[in-house]
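Quick note on labels: first sequence line is chain A, next is B, and so on, each numbered from 1.
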There are 2 protein chains.
Amino acid sequence: MKAKLPPRTVERLSIYRRLLDKYKDLDEAHIHSHKLAALLNLTPEQVRRDLMLIGLTGNHRKGYNISALIGLIGDTIDREESQKVALAGIGNLGKAVIGFIRKSNTRMNVVAAFDIDKNKVNTRLAGVPCYEISQAGKIIHDEQIRIAILTVPPEAAAETASLLLDSGIKGILNFTSVHLDVPPHIYLKDYDIITSLEEIGFFITD
Amino acid sequence: MKAKLPPRTVERLSIYRRLLDKYKDLDEAHIHSHKLAALLNLTPEQVRRDLMLIGLTGNHRKGYNISALIGLIGDTIDREESQKVALAGIGNLGKAVIGFIRKSNTRMNVVAAFDIDKNKVNTRLAGVPCYEISQAGKIIHDEQIRIAILTVPPEAAAETASLLLDSGIKGILNFTSVHLDVPPHIYLKDYDIITSLEEIGFFITD
DNA sequence: ATTCATCTGTTATTTTTTTCACATTGCAGC
DNA sequence: GCTGCAATGTGAAAAAAATAACAGATGAAT
Ligand SMILES: NC(=O)c1ccc[n+]([C@@H]2O[C@H](COP(=O)([O-])OP(=O)(O)OC[C@H]3O[C@@H](n4cnc5c(N)ncnc54)[C@H](O)[C@@H]3O)[C@@H](O)[C@H]2O)c1
Ligand SMILES: NC(=O)c1ccc[n+]([C@@H]2O[C@H](COP(=O)([O-])OP(=O)(O)OC[C@H]3O[C@@H](n4cnc5c(N)ncnc54)[C@H](O)[C@@H]3O)[C@@H](O)[C@H]2O)c1
């Protein structure tokens with residue numbers, strides 16, 4: 001299991017599942033590659049190849065069975081059980097992110113949030129317990145959390161990241177726009193809205 | 001001007017500039033391709049190729065002049081003057097995004113925010129005026145805003161997007177996780193944190 | 001002034017990703 | 001039960017992106 005898949009395919013698989021989760025209750029039990037492609041601005045070939053790579057066989061007439069598809073994507077890209085996620089920095093962005101993940105139907109499970117601000121600790125946010133950042137080491141270790149979301153202010157980014165890594169975090173989603181120097185076995189993903197905006201600005205046509 | 005550049009290169013150019021903006025005041029006037037690459041987890045060849053594509057010539061011994069680099073990236077990826085951006089949905093995420101863009105040193109300029117909640121309109125957020133969503137059409141048209149950020153609740157996404165497009169918006173950065181059906185000449189960029197997290201979950205190694 | 005190590009600029013190569021093309025399959029309708 | 005249309009599954013081709021390789025440039029050291 002867990003064959004070597006192209007990163008782009010993994011990304012799209014996650015997107016297929018998110019889209020189809022909304023479809024699975026209503027109307028059809030099956031979907032065609034070209035329908036799925038049209039919904040996501042992809043090509044039908046791309047969709048078929050992705051599904052081929054995970055070994056899903058569609059019906060030549062009816063298309064792909066939606067619940068089989070969702071199930072197999074899960075078997076392919078999810079770990080055994082739901083994965084625990086920690087979040088550091090309960091500001092506007094942190095709150096939005098926690099709320100969003102909680103509302104989404106995903107196996108990513110935010111189980112702890114950390115902040116330095118005493119007013120924010122010992123509360124719950126969308127069901128997630130908030131702790132002092134000083135407790136992060138212990139909690140991440142005890143709960144075996146391996147993924148962290150970093151939404152602290154830029155000044156605190158480097159320091160907080162190294163604390164997280166010392167506690168056993170293996171992957172970081174970094175929103176701080178600060179470059180983090182992480183060892184090669186750590187999976188780091190940066191997201192910066194400015195980059196997205198500038199790309200849009202470059203490619204729009206009047 | 002504005003040669004046909006690969007999307008990946010445009011993305012990285014934006015990232016180079018954001019990083020180097022922080023460097024330009026202090027220490028060195030020049031930077032080597034391998035230094036820049038190391039700071040961003042890229043290869044030196046990739047950096048050199050990107051800079052070659054925009055016609056930047058480095059000094060064979062000292063590397064690239066940082067201010068020349070910043071200037072040329074601007075000449076390449078920016079439009080004439082700063083670009084106006086509108087934001088719809090002043091919730092937690094919307095507030096975080098406005099604050100972030102305002103603090104960043106970018107030519108992307110958020111000039112209007114819209115919400116349906118009467119308590120939020122006629123205030124200012126990090127200097128950005130907030131209006132009723134019903135005024136969006138007029139303001140976007142009058143101010144000739146062409147880029148919009150969508151941070152309304154999922155239920156309102158489709159409706160708000162079509163309002164924005166009708167008002168003259170050409171590019172949308174969509175955070176709602178709802179699929180938007182836009183005409184082909186509109187540049188749509190979706191961002192979904194769940195996809196990023198699931199990708200991290202798939203690629204981390206224990 | 002010359003040597004030399006090091007870095008750039010660019011062509012060539014490899015790898016990755018997407019698209020094409022089409023044989024094969026399954027079902028609806030006759 | 002055939003027939004034919006409309007899908008899928010997949011090798012092959014093409015395009016895009018990343019990496020390698022190296023000639024030529026430059027300034028530091030002597
Ligand atoms: N990448 C993007 O697209 C994007 C968008 C918006 C914001 N951001 C960035 O995300 C971060 C958070 O933004 P925000 O608007 O939520 O800011 P915020 O100021 O509202 O929240 C920051 C939170 O971090 C807490 N904090 C401060 N130091 C800490 C520490 N050492 N350990 C733990 N918590 C600490 C603060 O108490 C606060 O609650 C900032 O770095 C901002 O630049 C990025
Ligand atoms: N993609 C991501 O990573 C990500 C992360 C967090 C949140 N989100 C999404 O972003 C959106 C906003 O999230 P949030 O946490 O800020 O939610 P929120 O509820 O705090 O804010 C939504 C805002 O939109 C306003 N609004 C509602 N209907 C509107 C309309 N028709 N026109 C204009 N404004 C309207 C509300 O008054 C509110 O101020 C949601 O769709 C959420 O799912 C996405």
Side-chain angles (χ1 to χ4, degrees), chain A residues 3-16 20 23 27-70 72-73 76-77 184 189-190 195 199 202-203, chain B residues 3-16 20 23 27-70 72-73 76-77 184 195 199 202-203:
Chain A
K4 186 162 48 64
L5 292 174
R8 296 297 180 80
T9 293
V10 174
E11 242 178 59
R12 283 191 298 264
L13 288 173
S14 167
I15 293 169
Y16 300 152
L20 292 176
Y23 270 66
D27 32 42
E28 307 297 322
H30 292 79
I31 191 165
H32 290 139
S33 59
H34 58 78
K35 176 84 186 294
L36 195 44
L39 285 169
L40 294 167
N41 304 314
L42 302 170
T43 65
E45 295 82 3
Q46 218 167 18
V47 171
R48 291 207 298 276
R49 182 166 299 276
D50 286 337
L51 299 185
M52 185 190 102
L53 287 173
I54 65 172
L56 181 64
T57 277
N59 179 303
H60 281 213
R61 191 76 185 179
K62 293 191 281 187
Y64 300 91
N65 179 292
I66 293 181
S67 49
L69 198 165
I70 292 173
L72 189 54
I73 290 177
T76 308
I77 71 173
K189 196 162 166 89
D190 294 302
T195 302
E199 188 186 330
F202 182 78
F203 285 111
Chain B
K4 186 161 51 59
L5 292 175
R8 297 298 181 79
T9 293
V10 175
E11 239 177 60
R12 283 191 299 264
L13 289 173
S14 167
I15 294 169
Y16 299 152
L20 292 176
Y23 270 67
D27 32 43
E28 305 299 320
H30 291 78
I31 192 166
H32 289 138
S33 59
H34 59 77
K35 176 83 186 294
L36 194 44
L39 285 169
L40 294 167
N41 303 315
L42 302 170
T43 64
E45 296 81 4
Q46 219 167 15
V47 171
R48 292 207 298 273
R49 177 170 299 280
D50 287 337
L51 299 184
M52 186 191 99
L53 288 173
I54 64 172
L56 181 64
T57 278
N59 179 303
H60 281 217
R61 190 73 186 183
K62 293 190 280 186
Y64 300 92
N65 179 292
I66 293 180
S67 50
L69 199 165
I70 292 173
L72 189 55
I73 290 178
T76 308
I77 71 173
T195 303
E199 188 187 330
F202 182 79
F203 285 110

Novice: Excluding sequence neighbours, so at least two apart, what forms ring pair (Phe, Tyr, Trp, His ring centres under 6.0 Å) with A:H30?
Specialist: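 Expected list: none.
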
Novice: In Å, rounded to the nearest 0.5 Å, how long is the span from CG of B:L51 to OH of B:Y16?
Specialist: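 If we round to the nearest 0.5 Å, B:L51:CG and B:Y16:OH are 6.0 Å apart.
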
Novice: Please identify each residue that fulfils side chain to side chain contact (heavy atoms under 4.5 Å, CB included) with A:A38, with sequence neighbours left out.
Specialist: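 For A:A38 there are no side chain to side chain contact (heavy atoms under 4.5 Å, CB included) partners, ignoring immediate neighbours.
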
Novice: To the closest 0.5 Å, what do you measure between CG (B:L13) and CD1 (B:I77)?
Specialist: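 Reported to 0.5 Å precision, the distance equals 6.0 Å.
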
Novice: Which residue pairs pass the side-chain hydrogen bond (donor to acceptor under 3.5 Å, both in side chains) test with at least one member in residues 59-68 of chain A, sequence neighbours excluded?
Specialist: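 Residue pairs with at least one partner in residues 59-68 of chain A: A:N65-A:S67.
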
Novice: Five pairs at each end of the helix from C:dA1-D:dT30 to C:dC30-D:dG1: take the axis at both ends and give me the angle between them to 10°.
Specialist: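 Helix axis angle between the two ends: 10°.
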
Novice: Going by side chain to side chain contact (heavy atoms under 4.5 Å, CB included), name the residues that satisfy it together with A:E199, two or more places apart in sequence or in a different chain.
Specialist: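 By the side chain to side chain contact (heavy atoms under 4.5 Å, CB included) rule, A:E199 matches A:F203, B:E11, B:Y187, B:K189.
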
Novice: Taking all non-hydrogen atoms of both residues into account, name the closest pair between A:T43 and A:A37 and its distance.
Specialist: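 Answer, listing the atom of A:T43 first, then A:A37: C-CB, 3.5 Å.
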
Novice: Could you give the start and end, 5' to 3', of the contact zone on DNA chain C for chain A, using atoms under 4.0 Å from its heavy atoms?
Specialist: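 Reading along DNA chain C, I get C:dT17 to C:dC27.
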
Novice: Taking side chain to side chain contact (heavy atoms under 4.5 Å, CB included) as the test, write out the residues that go with A:T57, two or more places apart.
Specialist: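 With sequence neighbours excluded, A:T57 shows a side chain to side chain contact (heavy atoms under 4.5 Å, CB included) to no residue whatsoever.
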
Novice: Can you name the side chain to side chain contact (heavy atoms under 4.5 Å, CB included) partners of A:I15, sequence neighbours left out?
Specialist: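 Listed in chain order: A:L40, B:T195.
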
Novice: Of the residues in residues 37-52 of chain A, which ones touch DNA chain C at a heavy-atom distance under 4.0 Å?
Specialist: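 Only A:T43, A:E45, A:Q46, A:R48, A:R49 qualify.
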
Novice: Which residue pairs pass the salt bridge (charged side-chain N to carboxylate O under 4.0 Å, His left out) test with at least one member in residues 37-54 of chain A, sequence neighbours excluded?
Specialist: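 Residue pairs with at least one partner in residues 37-54 of chain A: A:R12-A:D50.
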
Novice: State the CG-CD1 distance between A:L69 and A:I31, to the nearest 0.5 angstrom.
Specialist: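 Here the interatomic distance stands at 8.5 Å.
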
Novice: Counting the atoms with a prime plus P, OP1 and OP2 as sugar-phosphate, which does B:S33 contact under 4.0 Å by heavy atoms, base, sugar-phosphate, or nothing?
Specialist: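 Sugar-phosphate contact only.
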
Novice: Which residues satisfy the ring pair (Phe, Tyr, Trp, His ring centres under 6.0 Å) test with A:H34, sequence neighbours excluded?
Specialist: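 Testing A:H34 for ring pair (Phe, Tyr, Trp, His ring centres under 6.0 Å), a comparison that skips the adjacent residues, returns A:H32.
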
Novice: Can you tabulate the close N/O pairs, meaning under 3.5 Å, that link protein atoms to atoms of nucleotides 3-6 of chain D?
Specialist:
{"from": "D:dC5", "atom 1": "O2", "to": "A:R61", "atom 2": "NH1", "distance (Å)": "2.5"}

Novice: Taking atom C1' of D:dT8 as reference, at what distance in whole Å does atom CG of A:L53 sit?
Specialist: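 Taking atom C1' of D:dT8 as the reference, CG of A:L53 is at 14 Å.
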
Novice: At what distance, to the nearest 0.5 angstrom, does CD1 of A:I73 lie from CG of A:L20?
Specialist: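 Atom-to-atom, A:I73:CD1 and A:L20:CG are 7.0 Å apart.
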
Novice: Could you tell me whether A:T57 contacts a base, only the sugar-phosphate backbone, or nothing, with contacts defined as non-hydrogen atoms closer than 4.0 Å?
Specialist: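 The residue A:T57 makes sugar-phosphate contact but no base contact.
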
Novice: Atom NE2 of B:H30 to atom P of D:dT26: distance rounded to whole Å?
Specialist: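 It is 12 Å, rounded to the nearest whole Å.
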
